[in-house]
Protein chains: 2
Amino acid sequence: MRTCIATVCLSGSLTEKLTAAARAGFDGVEIFENDLLAGPLGPEEIRARCADLGLTVDLYQPMRDVEALPEEEFTRSLRRARHKFELMRRLGADTVLVCSSVHPLAVDDDALAAAQLARLADLAQDFGVRVAYEALAWGRHVSTYDHAWRIVEAADHPALGTCLDSFHILSRGSDPKGIEDIPGDKIFFLQLADAPRLAMDVLQWSRHYRCFPGQGGFDVAGLVRHVLRTGYTGPLSLEVFNDVFRQADPGPTAVDGRRSLLVLQEETGAAAPPAPVVPTGVAFAELLTPDPAPAAAVLGALGFTRTARHRGKPVDLWEQGDARILLNTGPAARRDGTRLAAIGLTSPDPAGAARRAEALLAPVLPRRRAPEDAPLEAVAAPDGTELFFCATGRAPELPDWRADFADVTAAPRDTGIRGIDHLALTQPWHHFDEAALFHRSVLGLDAQESVDLADPYGLMRSRAVATADGSVRLALTVGAAPGDATAHARHIALACDDVVAAARRFRAAGGRLLPVPANYHDDLAARFDLPEEDLAAYRDLGILYDRDQQGGEFRHCYTRTVGQVFFELVQRDGGYGGYGAPNAPIRLAAQHTAHDVSG
Amino acid sequence: MRTCIATVCLSGSLTEKLTAAARAGFDGVEIFENDLLAGPLGPEEIRARCADLGLTVDLYQPMRDVEALPEEEFTRSLRRARHKFELMRRLGADTVLVCSSVHPLAVDDDALAAAQLARLADLAQDFGVRVAYEALAWGRHVSTYDHAWRIVEAADHPALGTCLDSFHILSRGSDPKGIEDIPGDKIFFLQLADAPRLAMDVLQWSRHYRCFPGQGGFDVAGLVRHVLRTGYTGPLSLEVFNDVFRQADPGPTAVDGRRSLLVLQEETGAAAPPAPVVPTGVAFAELLTPDPAPAAAVLGALGFTRTARHRGKPVDLWEQGDARILLNTGPAARRDGTRLAAIGLTSPDPAGAARRAEALLAPVLPRRRAPEDAPLEAVAAPDGTELFFCATGRAPELPDWRADFADVTAAPRDTGIRGIDHLALTQPWHHFDEAALFHRSVLGLDAQESVDLADPYGLMRSRAVATADGSVRLALTVGAAPGDATAHARHIALACDDVVAAARRFRAAGGRLLPVPANYHDDLAARFDLPEEDLAAYRDLGILYDRDQQGGEFRHCYTRTVGQVFFELVQRDGGYGGYGAPNAPIRLAAQHTAHDVSG
């Protein structure tokens, strides 16, 4: 199916918007009137620009307050319409969107609305233009898609059809099944937007909180299935008003939007990209650093052993249990210190995983490897993190990538850390929803609910994506606003069976734990009936505690920060599935107190 | 009356919060539990810090999910309570806030709630603590203040009273008159917050959108009047959760909050600061520049004449009609170019205006003048703009400040500009609501509704403050988010009777007007039945047009930007009272196209 995007979804000048849409692979655009009015290019120039970029102009929008008006007002509407149709001819747009009226003089008279829309369609026909009539969710008299369709049906004009908009339909809780009663050739256009489920005024909700399909709470795919059953052959078009997109770079926004349509097409059976290959574990986390000594000291104190070194690159492998960390001192390292730059995912089919990622517009990374190195498929996540898909073919479970490494030590010590529990990846501001959709669709992870976390200097949002069995868990975290300078450090959480023992060993080996205020543990004593001895250990080591509704328990503590990275020691019991969110404000404040926050 | 602020209103560590509260002149604080738990100071240390700063700890909060529970759960509540009361004793706090339960096991049984609250109050009494019970607007069974009071009344315990919160009461639309039925000595605490009127889930509304009294849409003063009639003698305390405050510098936020309470006290008759002195006109606008030539060239082309020079400072006065602009090349000028740094307001009582401003916490500026200069009272607005209060005592209407200037030219030419129509002041991000309250309360201006303006690279909000007769009009504008780099330039709008003639003269004199796209004027022709000749002139000169519901008309155009400043030529007809907001996206896009936006 053809895919389109409305220019209002993207920031910048009209030229920037068109360029971004074309680069992301859209077939066409909806031209939002204000984008045309405010720009220096005339309609013919815009038409030529679109043609150069391989884009069609599939819709001109919106035209408001046209129908069900007193004759004098309607005559004015026709006057405006004539101008717009003339402009559309110059622009090469053949369909105009007419939104149901919110005019104070509009009357509740379907027959009048139908008659006036038919007259509008008459005029449109003279210009070779079609009219797509849409029910705004807050329309004065017409606010549901079936009502709009009844009017279009009554008007019975070849140049008049209906436009369906998933936001307007789903935000009102209308049942989209009735769409199947509309003949497919009378659906002139289909606009798609998702939105988080918010209890708020629908106009504000629409203007500020729309998002791309799959990023909100609506069943957009279900709606599209109904539309496809009518025989609709027009484009799938994104129309999203969103305060974040208004400020974001239009290039990534357009890619994000097109990925959402690709996923939607897959969900509705309209397309079949390569199937997702769900990773089965974290093969490694890679730290990039200009100076490996501080990170190596922390790893050593945590009980990691340097087991191997890459044959051709300045990369060391540190191991303990199933936790593998690469320390890379290669040329990509930046002066601002150690950072978590890449993740290896154990995959049953690395090549298939890479094909899936590429089909969903993830940038495939050039293979920076020597001819003798094992092939490593890698793509970039929206935040720039490199994701490597690693084979697990070799017995017992060493992934192929280990073949490029030469052993330094026969076997790592076993000091109580079992593996990587999760990776916490701070995200650049504009890409929170995009990141969740990327990890869900490209990697096949499940996205959990997002939670707000209070930092002393701002609010943060966090959302976990994970495999069903928890073998891969990523926590995506973002500041509440772009100016937010808090908590840009990422962290690696290490799973252990006894966090007290692991923390003690770390400290005994010279490691520095993040101190936690005594007030927190005093409060813990009041909230939970914990054994005195345990509490004393938690106080001593700065261990935080959480318990879920089902009695699952979470004990965790943090190392001090090295560059842009810190480590967490994590003990899960009784099926605890969260990440200790109630303790995040305590940890964030403690990091501010310890000056462990980089900005 | 005593004034307090909850630590949750302010960003930063607890120490930063307390310092900001004390500096702003608050008498006490509510300690928000998480601020204590997350910080390194123990209760005794916090108590000592507060004492050093002259602050009392008036409330410890919140305690949740205490009442109307099965006995086993309630026993756990008492256990937690005992710990908190002990902590409060160490902290020196004598009142605890208990919010109505949202516990899933809470039952709808007022008698049980009253009995359990009485038992809690028994325990509290042992520690010398009082319990203030408050209805959360989203409480499971108790969500209105009168319901909470009925339970407190039934419990009939000396250590149990009620806490009133203006947000919880007014967000539900409860009638606050019933507050007068509560004995004043049973109102243990009064929390104040305002909020914009939003149709949204009340919990989200409360957590993210509260603001200081006078900055939202609630009649907080009316509520306080009812409370005062009960004989309540406790503090007025601010409790505002707000995503902006979480990121803002706590110092200005605290001052903003205390100003809101001062205004509230005035409105309720609880205090009488010096009365507002409403300005009667704009005496001058002052441009600060390291190089006066570019601004002087624009002023000259606009028809201004350099009429005078300051006797002791490098400041020139340019005049035309009643428009007066100072060009200051003094040492405060910065390298980033010409900016609008100060405004002179004609005042019937400059000293009174300054006393009012000082009483409402506006920083009084040091008089940077020579002994022989006329006295000039000046304060700083929240955005740093210097506001001078100028006398109008001298005939015919020259303000005293002119006495410091020596004439260069006898009289300015009259070239059609009558005066300053309005000044558009871009604001730093965090201070939009503060700015509106400041201008309303300190200067006695009326605040109008805020409007959203779409810029190609982000959303902007704008709000006008003006005198009733329009003699002083300020448009306060802010980007939608802190990272927003758009439109930091300010502008001076000049009133004229014939904008076409004024624009032509400007261009003929070598001035450069901002070009407006032809698409805009094509659309104008379709929307309004304007004479062809007028339209041709508008196209030629880049004049924008707006018409209000009452037929009032607004014609305006813009000069190119000089440094951080541009000028607007404005013609108002038929009582048009706005600022051409529908044209703002066109102007903003045109400025981006012309690269007239500084970031």
Side-chain angles (χ1 to χ4, degrees), chain A residues 11-14 16 33-43 76 79-84 87 198-202 204-205 207-208 243-244 246-247 429 452 454-459 479-484 515 517-520 522-523 525-527 529 585-590 592-593, chain B residues 11-14 16 33-43 76 79-84 87 198-202 204-205 207-208 243-244 246-247 429 452 454-459 479-484 515 517-520 522-523 525-527 529 585-590 592-593:
Chain A
S11 81
S13 68
L14 183 55
E16 291 173 286
E33 182 164 85
N34 263 7
D35 286 326
L36 180 138
L37 299 187
L41 298 187
R76 266 200 283 272
R79 184 171 177 283
R80 277 193 292 135
R82 176 178 294 276
H83 164 80
K84 275 196 221 289
L87 184 153
L198 299 169
M200 72 184 302
D201 174 67
V202 71
Q204 292 302 315
W205 192 13
R207 292 223 174 131
H208 300 285
D243 292 351
V244 173
R246 286 180 201 274
Q247 293 183 56
W429 183 60
D452 285 350
D455 178 276
Y457 298 92
L459 207 61
D484 194 353
N519 297 334
Y520 169 80
D522 290 351
D523 186 63
R527 287 194 294 140
D529 210 359
I586 305 295
R587 186 258 297 173
L588 288 162
H592 281 288
T593 302
Chain B
S11 82
S13 67
L14 184 55
E16 290 173 286
E33 183 164 82
N34 262 7
D35 286 326
L36 179 138
L37 299 187
L41 298 186
R76 267 199 282 272
R79 185 171 175 282
R80 278 193 291 135
R82 177 178 294 276
H83 164 81
K84 277 198 218 288
L87 185 153
L198 300 170
M200 72 185 301
D201 174 68
V202 71
Q204 292 303 317
W205 193 13
R207 293 225 172 129
H208 300 286
D243 292 351
V244 174
R246 287 180 200 273
Q247 293 183 56
W429 183 60
D452 284 351
D455 177 276
Y457 299 92
L459 208 61
D484 195 352
N519 296 336
Y520 169 80
D522 290 349
D523 186 63
R527 287 194 295 138
D529 210 357
I586 306 295
R587 187 258 297 173
L588 289 163
H592 282 288
T593 303

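Order of the sequence lines sets the chain letters (A, B, ...), proteins ahead of strands, with each chain counted from 1.
For the set V244(B), D201(B), L14(B), the count of heavy-atom pairs under 4.5 angstrom toward chain A peaks at D201(B). Residue with the most contacts toward chain A among P515(B), G39(B), S13(B): G39(B) (heavy-atom pairs, distance under 4.5 Å). For the set N34(A), D529(A), D35(A), the entry with the most heavy-atom pairs within less than 4.5 Å of chain B is D529(A). The candidate with the highest count of non-hydrogen atom pairs below 4.5 Å against chain A, out of P517(B), A590(B), P585(B), is P517(B).
Side-chain N or O atoms of R246(A) include none that pairs as donor or acceptor with a backbone N or O of A454(B) at under 3.5 Å. Of the possible polar contacts, one joining the N519(A) side chain to the L36(B) backbone as a donor-acceptor pair under 3.5 Å is found.
Listed by chain and number, the residues in a side chain to side chain contact (heavy atoms under 4.5 Å, CB included) with T593(B) are P40(A) (sequence neighbours excluded). With sequence neighbours excluded, the residues satisfying side chain to side chain donor-acceptor pair (under 3.5 Å) with D522(A) are R539(A).
Using a 4.5 Å cut-off between heavy atoms, D452(B) touches chain A through its side chain atoms alone. For E16(B), the part sitting under 4.5 Å from any heavy atom of chain A is the side chain, from C-beta outward, and nothing else. Heavy-atom distances place no part of L198(B) under 4.5 Å from chain A, backbone and side chain included. Residue P43(B) touches chain A through both its backbone and its side chain, counting heavy-atom pairs closer than 4.5 Å. Proximity to chain A is absent for every atom of A81(B), based on heavy atoms less than 4.5 angstrom apart. Looking at L41(B), only its backbone comes within 4.5 Å of chain A, counting heavy atoms on both sides.
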Requested in this report: Please step through side chain to side chain contact (heavy atoms under 4.5 Å, CB included) for the pair D523(B) and R80(A), ending with a clear verdict.
Outcome: CA-CA 8 Å; D523(B) 186 63; R80(A) 277 193 292 135; over 6 Å; no
Query - H83(B) vs R527(A), side chain to side chain contact (heavy atoms under 4.5 Å, CB included): CA-CA, chis, key distance, verdict - result: CA-CA 9 Å; H83(B) 164 81; R527(A) 287 194 294 140; over 6 Å; no
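The CZ atom of R82(B) sits 10.5 Å away from the CZ atom of R79(B) when rounded to the nearest 0.5 Å.
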